[in-house]
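No experiment lies behind these values; they were computed from the predicted model shown. Residue numbers start from 1 in every chain, and the chains themselves are labelled A, B, ... in the order their sequence lines are given, proteins ahead of strands.
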There are 2 protein chains.
Amino acid sequence: MAAAAGVSITTVSDALNGKGRLPDATRRHVREVADRLGYRPSAAARTLRTGKSGLIGLTVTTYGDEPFTFTEFAYFAEMARAATSAALARGYALVILPATSRHDVWSNVALDGTVVIDPSDHDPVVSELVRQGLPVVSDGRPAGSLPVTAWVDNDHEAAVLGILDHLADAGARRIGLLTGTSTDTYTHLSTTAYLHWCERVGQDPVYEAYPAHDPCAGAVAADRLLARPDRPDAVYGLFDPNGTDLLAAARRYGLRVPDDLLLVCCSESTVYASTEPPITTLSLKPRRIGTAVVQLLIDAIEGVESEQPVEQVIPTELIVRTSSERRAARRTVSPPRSPEEG
Amino acid sequence: MAAAAGVSITTVSDALNGKGRLPDATRRHVREVADRLGYRPSAAARTLRTGKSGLIGLTVTTYGDEPFTFTEFAYFAEMARAATSAALARGYALVILPATSRHDVWSNVALDGTVVIDPSDHDPVVSELVRQGLPVVSDGRPAGSLPVTAWVDNDHEAAVLGILDHLADAGARRIGLLTGTSTDTYTHLSTTAYLHWCERVGQDPVYEAYPAHDPCAGAVAADRLLARPDRPDAVYGLFDPNGTDLLAAARRYGLRVPDDLLLVCCSESTVYASTEPPITTLSLKPRRIGTAVVQLLIDAIEGVESEQPVEQVIPTELIVRTSSERRAARRTVSPPRSPEEG
DNA sequence: TGATCTTGCAGAAACGTACCTGTCAACGGG
DNA sequence: CCCGTTGACAGGTACGTTTCTGCAAGATCA
C-alpha cells in the first residue's frame, strides 16, 4: 500500500487518520490509491497498537446453556436492539458473550468494556472483568457489593406499588401476584414491594411463585393461583407470558376479565393490545435502558473514570387497557341490585 | 510473564498452547504462574499473528436505522440465540453489525466470516465481504446472483402449498392471504406460491399486502381483508403479528374462529398456544436455521473452501391448533339438513 | 570414540499499525 | 550571510503474539 502510493507507511497512516502535517494533495492522493486498491487497515494491528478494539461485550446471565433466557424474549430483544444501535452510533460493535466463567471465548476477544444484563451477586465474570480493569455497566441494580462501573435500572418498587394502587382504584379487593422463584433483584424487589403493600393496606398476600425460566411452569402457576380458595379478584404477573396464561386460566374458570378478574402483567409484547380483552401491561422501557447502558459504558471507556458507580433510574410506563378498567362496584357499598348480575 | 516464570517467551506460548516439545513439569509450572498472575494472552496480538479473530459477524438487512426489523422479533431472537450458542460451542463469538455499507464499524473489527440474514439482491455489504475473501453464509436464499459461500433456507413454496391444502382439507372454500409489500425472497416466494395454488384449484386470489416493517399497518390490512365483499373464509398471514390482528378483526366483524373463519399464521411466538381460540402457526424452525448457518460458516472458515455454494433446506413445521380445525361441511355437497345449521 | 538423533529450550522474525523522532529543504528576519 | 522556523515527509520502534530456526546437552549406536 505505501509502496503503491509512492509514500512511506507513516504518510499513509497520517493521511488516512487525518493526522500529521500533510498537504491536502498528498492526503487525497493516498486516499485515492487506498480506495482503488480496496485497502482496509487491519483492525487487529490497530487494536494491538492502540489498545482499543471498539468492541463491547453483551452478557446475559442465564439458567441453562442458552445465551438468553426464555421468558424475557421481547425485553431482551428490544434492549439488545437499542444497545446495538447506540453502540453503532458511537462507532462500537456489540459482541454476544456467555455469562459462564469459562475463559475460552472471553479471552479470545479484545473488549473495551462490557454490558451485563441482570448480574447475580458476586458474579465471577464481572469480578474477572473488573480485575482486568475493564469498565462494566449492568442492566439491573447489582446485587450485593458487585463492583460495577455504573448501572441502570427501573424503580421496581415504585412500579409495583403503582400497579397495586391502580388495581385497587379499579375496584380490586384482593390482589394476587404471580412471581418467580429465582433470586434476581427484579423478582426480589417486586415481591418485597408487594408484601409491603399488602401489609400496609391490611390484605393477606396471595401469590404463587414458579421457576420463570421454565416456559410451561407459568401456565400451571397461573392456574394454581386462580384455583385457590382465597382466589384473588385481580392479579399482577411479573413475567411476559403471564398475561396470556392468566387469561387462559380465567377462561377455564369462567371468570370474565375485567368484570370478575382484573389483570396486569409486565411485558414488552405488543400482542397484549390485541387480546380479548386487551391486557394492561407495565413496560420497563428496555429501549431506554439499552441506550443508557451503552452510553454510560462508552463514557467510561472514553472519558474520565469516576470513582463511585454512576446510577441511573429509568421510569416505567403503565399501559392501561381494558383488563384493568374500573368495574362497577359490586358487593361493596351498594347491595346487589338486579338479577342480571347473578 | 516470561520473566516471572523464569523461561522464555517461546516456552510460555508453547506451554499455554500445548505445542512444542516441553516436559509436563515445565508446562505445569508455566500454567501455574500464569494462573497466579492472572495472565491472559492478548487477543489482539494473537489475531494479528494468526489472522484468525474467532469473531463472526451477524447482520440483518433492515428498513430503518434499527439493527433488527420489528415484525420478526421472535424469529430473529430465536435464530440469533441458536446461532450464538452454536458459535460459542465452537469457540467463536458473534458480533452484531449493521447492514449499512458505511465502513466505519465494519473495518474496525476483524472478522473471520459473516452471517447475513435475508440479504437483498446485490447487497453491497456481501459483495465487499466476498471481495475481501471472507466466507459469507446467508439465512435465506440469496436473491439474484449474490456470491455467498453457502445458504440455509426453508422451502417456502412447499410450506405455503401445505398450509393451503391443510385449510382446504379443513373445509375452506376461499382462502385469503395477508402478505407484505417488500421485495425480499420470503415474501416473494410465498406470494407466488399462493397465486400458483389459486390458479391450480381455480380460486380467485384474495389478498392484502402491507409494509411489514410498520407495526400498525398489519392490523389495518387484516381489517381490510375481512371487510372485502369477497371475504375469505380462511386466511394465512405471512407475518408474526398477523394472528392476533386477524383474530381481533374477526371479532369486530362477528366472525367465529374456526367456525366462520379458519386462521393460520407464520410465527415463532408461543402466545398463539393460549389465545382464544389457539391459532395454528407455521414455524420456520429458526433454531435449526441459526445452528446450520453457523456450522456452515465455521466449516468454511476452518475447512476447505468448496467451489459452489452449499445449500441447505430446513423443513418447516405446521403446529395445528383449534383455529384451523376441520369444521362441519356447510354449503358443500350435502344440502342443508337441519335448522340448527342455519 | 566420534557420529547421529532426540530432548528442552531460547532467539529472532514477522504480523500491520500508530506515533515519536529525526532529516532535509525552503524561507524569512536580523 | 547565518540561524531559527516551518513544512513535508521518512525511519524506527513498540504493541504481544506465533512459529521457524538454532543450539546446546544428553542418549543411542556403529
Side-chain angles (χ1 to χ4, degrees), chain A residues 1-35 37-55 91 103-112 132-134 301-302, chain B residues 1-35 37-55 91 103-112 132-134 301-302:
Chain A
M1 168 61 207
V7 295
S8 76
I9 299 178
T10 306
T11 306
V12 173
S13 177
D14 283 348
L16 295 182
N17 294 335
K19 301 194 171 178
R21 299 176 303 193
L22 301 182
D24 283 351
T26 308
R27 253 179 243 285
R28 254 181 287 120
H29 173 236
V30 171
R31 286 184 180 162
E32 187 202 315
V33 174
D35 272 1
L37 266 57
Y39 165 83
R40 302 257 165 274
S42 149
R46 169 176 301 173
T47 301
L48 178 60
R49 181 63 233 248
T50 61
K52 295 294 171 195
S53 64
L55 293 178
H103 300 300
D104 306 16
V105 189
W106 278 92
S107 62
N108 252 333
V109 39
L111 296 178
D112 290 346
Q132 286 180 31
L134 285 181
I301 291 171
E302 295 180 348
Chain B
M1 165 63 206
V7 296
S8 76
I9 300 178
T10 307
T11 307
V12 173
S13 177
D14 283 349
L16 295 182
N17 295 335
K19 301 195 170 178
R21 299 173 305 197
L22 300 181
D24 284 352
T26 307
R27 253 178 242 283
R28 255 180 289 120
H29 173 236
V30 171
R31 287 186 180 161
E32 188 202 315
V33 173
D35 272 1
L37 266 57
Y39 165 83
R40 302 257 166 272
S42 148
R46 169 176 298 163
T47 301
L48 178 59
R49 180 63 232 246
T50 61
K52 296 294 171 194
S53 65
L55 292 178
H103 300 300
D104 307 16
V105 189
W106 278 94
S107 62
N108 251 332
V109 39
L111 295 178
D112 291 346
Q132 287 180 30
L134 286 180
I301 291 171
E302 295 181 348

Nearest heavy atom decides the nucleotide; on that basis, is Thr10(B) or Arg49(A) closer to the 5' end of DNA chain D?
Arg49(A)
Take the protein atom CZ of Arg46(A) and the nucleotide atom P of dG16(D), then report the distance between them rounded to whole Å.
18 Å
Side-chain donor-acceptor pair present, Thr10(A), Ser13(A), cut-off under 3.5 Å:
no
Ile9(A) CD1 to dC20(C) C1', in whole Å, measures 15 Å
Heavy atoms only, 4.0 Å cut-off, all strands: where does Thr26(B) land among base, sugar-phosphate and nothing?
sugar-phosphate
Within this structure, what is the CG-to-P distance between Leu16(B) and dT17(D), rounded to whole angstrom?
9 Å
Please pick, from dC9(D), dG16(D), dA10(C), the nucleotide with the shortest atom-to-atom distance to any side-chain atom of Thr11(B).
dA10(C)
Would one find more than 12 heavy atoms of other residues, nucleotides or ligands at under 6.0 Å from atom CD1 of Ile9(B)?
no
Closest approach to the side chain of Ser13(A), judged atom by atom: which nucleotide of dA18(C), dT17(D), dC9(D) is it?
dA18(C)
Rounded to whole angstrom units, what separation is found between the NE2 atom of His29(B) and the P atom of dC9(C)?
11 Å
What is the distance, to the nearest angstrom, from the NZ atom on Lys19(A) to the C1' atom on dC9(D)?
17 Å
Do you know which two heavy atoms are closest between Arg31(B) and Gly18(B), and how far apart they sit?
NH2-N, 4.1 Å
When Leu48(B) and Arg21(B) are each assigned the nearest nucleotide of DNA chain C, the 5'-most assignment goes to Arg21(B)
Rounded to whole Å, please give me the gap between CZ in Arg27(A) and P in dC9(D).
10 Å
Given dA10(D), dA10(C), dT17(C), identify the nucleotide with an atom nearest to the side chain of Ser8(B).
dA10(C)
How far apart are the closest heavy atoms of Ser42(A) and Leu48(B), and which atoms are they?
OG-CD1, 4.3 Å
Comparing nearest nucleotides in DNA chain C, the 5'-proximal residue of the pair Asp14(B), Pro41(A) is Asp14(B)
Figure out the NZ/C1' separation between Lys52(B) and dT19(D), and round it to whole Å.
17 Å
Within this structure, what is the CG-to-P distance between Asn17(B) and dG16(D), rounded to whole angstrom?
17 Å
Rounded to the nearest 0.5 Å, how far apart are CG of Leu37(B) and CD of Glu32(B)?
11.0 Å
